[in-house]
Engineer: 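Pasting in a structure now, in structure tokens, and then I'll have a few things to ask.
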Number of protein chains: 2
Amino acid sequence: MGVTIYDLAREAGVGIGTVSRCLNNHPSVSPETRAKVLSVVKRLSYQPHAYAQRLASRQANTISAIIPFFTNHFFVEVLRGVQGKSQELEVDLILYGVHNADQVEYYLKRSLSRGHVDGVMFFSMKFPDSYVEKFQQIGLPVVLVDTHHPLFDSITVRNVDGAKSAVDHLYDLGHRQIAMINGYSGTRPAKERFEGYRRSLESHGIAVNPEFLFYSGKEKLDGFSRESGYNLMKRVLEKRNDSSSPSALFVASDIQSLGAVDAIREAGLRIPEDLALVSFDDIELARHAGLTTMRQPMYEMGSLAVSWLKARMKDPDLSPREETFLPELIIRRSCGSTARVTQSPASGRGAMV
Amino acid sequence: MGVTIYDLAREAGVGIGTVSRCLNNHPSVSPETRAKVLSVVKRLSYQPHAYAQRLASRQANTISAIIPFFTNHFFVEVLRGVQGKSQELEVDLILYGVHNADQVEYYLKRSLSRGHVDGVMFFSMKFPDSYVEKFQQIGLPVVLVDTHHPLFDSITVRNVDGAKSAVDHLYDLGHRQIAMINGYSGTRPAKERFEGYRRSLESHGIAVNPEFLFYSGKEKLDGFSRESGYNLMKRVLEKRNDSSSPSALFVASDIQSLGAVDAIREAGLRIPEDLALVSFDDIELARHAGLTTMRQPMYEMGSLAVSWLKARMKDPDLSPREETFLPELIIRRSCGSTARVTQSPASGRGAMV
DNA sequence: AGTGTGCTTGGAAGCGCTTCCATAAGATAT
DNA sequence: ATATCTTATGGAAGCGCTTCCAAGCACACT
């Protein structure tokens, strides 16, 4: 069906080796021969057979990304970075979107299939221990993003420092009664973001008030959902009439913050006058909703993952690297700060809150 | 490096043909032999070499999606459908995200590479004429989504009918002065959505008032952007003090609608009391912002594209099919209708407007 | 015993490349 | 003119699989 290098060789009156060398820019081909072959290539509109190349050259020029799919916008943004860099580096990207836990194993197995991909990026989930050894054995490069394992490269965000900055910001605005709404306490982000909260308060000589801590249970998305934010906020508001009530809230994720906003409005309270809010992630909705939040450099993380993977493909014996990104405080209206940092019309405006 | 079927054959004391047959569930293998081989497969933790399989079997079991990347949420949702179905059908999905026009050709060429992919999905952009013939020649299946070409399968949305429903809805709510904010007039969506607007008005005996038509220029994203919505809305408001001013607006896209909302709030007007709004797309932000809009069944469109591609891969001589999806009216607060259709907490609540 | 039938099986051929080795043809040195 | 080195080339081998053909075997039927 297709035109092969044999056709090219016959047509150009040369051998297949020469044709191959022309196609791959091998130096030892005379200019005339090269020109002759390339003209035939054009004339027959030859297309190389990707899998034959991959089989013969023993590399796939393809990487896979195993990523929880579109549960929130964090991943969209990360994926953008991954895709951008893959393209720049001219590798194919196979997308494995995880919707439920079973799929993780399936995709890992699939990636493991010899020669299928040259490397794997694994996002935001616990890398199953049972597969660590398999990957090591086969020597298939792995880069972890937003998750960690000592034997693999990993790119994470500094949740502790980020959370501390968020709470510091509320403190600097004069707040002393700062509550926290968190996700499920068994998750790393929840633990680390609480730790940042704790450190900020302690550094200012404030003791953590257990009454001010609101954790979600081990529910859908580990509590990092709009619903959980809504429900936890209700509980915060119930306690409001007690002796000491919080004047500000640090919410562990933007998506929860959105739910919290709903609950606050229902109660007829104003943000930030009655309750100031700072959250975490900087998903797209946060910009729209005017949430002050800690931005994770998502695009950069995705992009870096691809670069690292490529590096590791070249030199598989590199020892594991780690990179941590520091979240950046994005000031919008929900915190009540007058110092607006972001100035673009789309973020400066943005509806309500 | 890896375990091959030769290793399996030697180890199990059978021939390579038999091994291959076991692996592929070929019927003519005795149960004992099969069991023996499979146990060896497990013991050596054999992994097939994807590209060798693909080379030998002459099919890639892979499809590619060429898609404008994350310019708006339409594509995220479509991609979700594509990914979900690909997984169900066990084909690999290569993602080609288009950021600028040059990449289209590059990706088409890449997909064309013999044996690389078994089919291509092409989204929301004009399929370049120069490539039509090439795909036909090679016989590589193509499915078009949100765009059209007579020689290929295509899945589109009925913009005209959708726009008509949107405007009908405003009419039913009592509005007679209905303006329209549109994207760049050279694009199909802009043309078709205007056509629906026109038909609705005419069916109610209302003449189209040129003063009520606001088109963006050929700017970024063909005017389907928040900025353009903001700017056009400003122009609408400037004209507001004239003799007859619109009481409602049909906006050609949610994203423009969001900009329009910004402008309306700046002017101190209320939605829907002073100005009712209906737009098009139902991106995620629309739900949050409480926009009444025409929902496109994005997930379904993506999913169907994969199904069709698979069908066409089986039977390449199918004549081109077309499917059109009818957008669905999603009533939220921006239109002022009291008949709430959507009741889920996340959509019923949702901030402002 | 002879012939046919259906089920299993082994392994060669072939998918379209890359790569290596041998060789031919010049170019340079002796 | 001969030896030596370079440079350019042809094509076999091999990547790991699928598939097809030939053949072995057991059994049944004349």
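Quick note on labels: first sequence line is chain A, next is B, and so on, each numbered from 1. Worth saying up front: this structure is predicted, and the values here are computed from it rather than measured.
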Engineer: Has B:Q83 got a side-chain atom pairing as donor or acceptor with A:G97's backbone, closer than 3.5 angstrom?
Structural biologist: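 Confirmed, B:Q83 side chain pairs with A:G97 backbone.
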
Engineer: Tell me which nucleotide among D:dC17, C:dT18, D:dA8 gets nearest to the side chain of A:S57.
Structural biologist: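 Between D:dC17, C:dT18, D:dA8, the one nearest the side chain of A:S57 would be C:dT18.
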
Engineer: With sugar-phosphate meaning primed atoms plus P, OP1 and OP2, does B:Y51 contact a base, only sugar-phosphate, or nothing at under 4.0 Å between heavy atoms?
Structural biologist: nothing

Engineer: The side chain of A:I5 is closest to which nucleotide in this list: D:dC17, D:dA8, C:dT18?
Structural biologist: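 Output: C:dT18.
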
Engineer: I need the NZ-C1' distance between A:K36 and D:dG10, as an integer number of Å.
Structural biologist: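 Value for this atom pair: 13 Å.
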
Engineer: Do B:F135 and B:L108 have side-chain heavy atoms sitting under 4.5 Å apart?
Structural biologist: yes

Engineer: Report the distance from atom NE2 of B:H26 to atom P of D:dC21, rounded to the nearest whole Å.
Structural biologist: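 Checked: the NE2 to P distance equals 13 Å.
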
Engineer: Determine, for A:Y106 and A:K109, whether the Lys NZ or Arg CZ falls below 6.0 Å from the six-membered ring centre while staying within 45 degrees of the axis.
Structural biologist: no

Engineer: To the side chain of B:I16, which of C:dC17, D:dG16, D:dT18 is closest?
Structural biologist: D:dT18

Engineer: As a test of reading the structure: which of C:dC17, C:dT9, D:dC17 is closest to the side chain of B:T4, going by heavy atoms?
Structural biologist: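 In terms of side-chain proximity for B:T4, the closest of C:dC17, C:dT9, D:dC17 is D:dC17.
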
Engineer: Check this one for me: any side-chain N or O of B:T18 less than 4.0 Å away from OP1 or OP2 of C:dT8?
Structural biologist: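 Looking at the OP1 and OP2 atoms of C:dT8, neither is under 4.0 Å from any side-chain N or O of B:T18.
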
Engineer: From the options D:dC17, D:dG14, C:dT9, select the nucleotide whose nearest atom is closest to the side chain of B:A56.
Structural biologist: D:dC17

Engineer: What is the distance, rounded to the nearest whole Å, between atom NE2 of B:H49 and atom P of C:dC17?
Structural biologist: 16 Å

Engineer: Looking at C:dG6, I'd like to know if its phosphate oxygens (OP1 or OP2) sit under 4.0 Å from a side-chain N or O belonging to B:S28.
Structural biologist: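 Result: no.
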
Engineer: Tell me the interatomic distance from A:R10, atom CZ, to D:dG10, atom P, rounded to whole angstroms.
Structural biologist: 14 Å

Engineer: Given side chains that start at C-beta, do those of A:F325 and A:R158 come closer than 4.5 Å, heavy atoms only?
Structural biologist: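 Counting from C-beta outward, A:F325 and A:R158 never come under 4.5 Å.
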
Engineer: Just compare D:dG16, D:dC17, C:dT8 and give me whichever is closest to any side-chain atom of B:T33.
Structural biologist: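 Of D:dG16, D:dC17, C:dT8, C:dT8 is nearest to the side chain of B:T33.
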
Engineer: Between atom CD in B:E32 and atom P in C:dC7, what is the gap in whole Å?
Structural biologist: 15 Å

Engineer: Check every strand shown and say whether B:S20 touches a base, only sugar-phosphate, or nothing at a heavy-atom separation below 4.0 Å.
Structural biologist: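 If one applies the 4.0 Å heavy-atom cut-off, B:S20 turns out to touch a base.
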
Engineer: Given D:dC17, is OP1 or OP2 found less than 4.0 Å from the side-chain N or O atoms of B:Y46?
Structural biologist: yes

Engineer: Can a side chain N or O of B:Q53 be found less than 4.0 Å away from OP1 or OP2 on D:dT18?
Structural biologist: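 Yes, such a contact exists.
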
Engineer: Rounded to whole Å, please give me the gap between CG in A:N61 and C1' in D:dC15.
Structural biologist: 17 Å

Engineer: Apply side-chain hydrogen bond (donor to acceptor under 3.5 Å, both in side chains) to B:Q87 and A:Y107, showing your working.
Structural biologist: CA-CA 10 Å; B:Q87 180 185 303; A:Y107 287 147; 2.6 Å; yes

Engineer: Please examine the side chains of B:D129 and B:H149, heavy atoms only from C-beta on, and report whether any two atoms are closer than 4.5 Å.
Structural biologist: yes

Engineer: Take atom CG of A:L55 and atom P of D:dA13, then tell me their distance rounded to the nearest Å.
Structural biologist: 18 Å

Engineer: Tell me what B:R54 touches on the nucleic acid: a base, only sugar-phosphate, or nothing, going by heavy atoms under 4.0 Å.
Structural biologist: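 Since no nucleic acid heavy atom lies under 4.0 Å of B:R54, the category is nothing.
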
Engineer: Using the closest heavy atom to pick a nucleotide of DNA chain D for each, name whichever of A:S30 or B:Y6 lands nearer the 5' end.
Structural biologist: A:S30

Engineer: Starting at CG of B:L8 and ending at P of C:dG10, how long is that distance when rounded to a whole Å?
Structural biologist: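 Taking atom P of C:dG10 as the reference, CG of B:L8 is at 13 Å.
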
Engineer: Counting only distance, no hydrogens or angles, is the base of D:dG16 paired donor-acceptor with the side chain of A:R58 under 3.5 Å?
Structural biologist: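 No, no donor-acceptor pair under 3.5 Å.
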
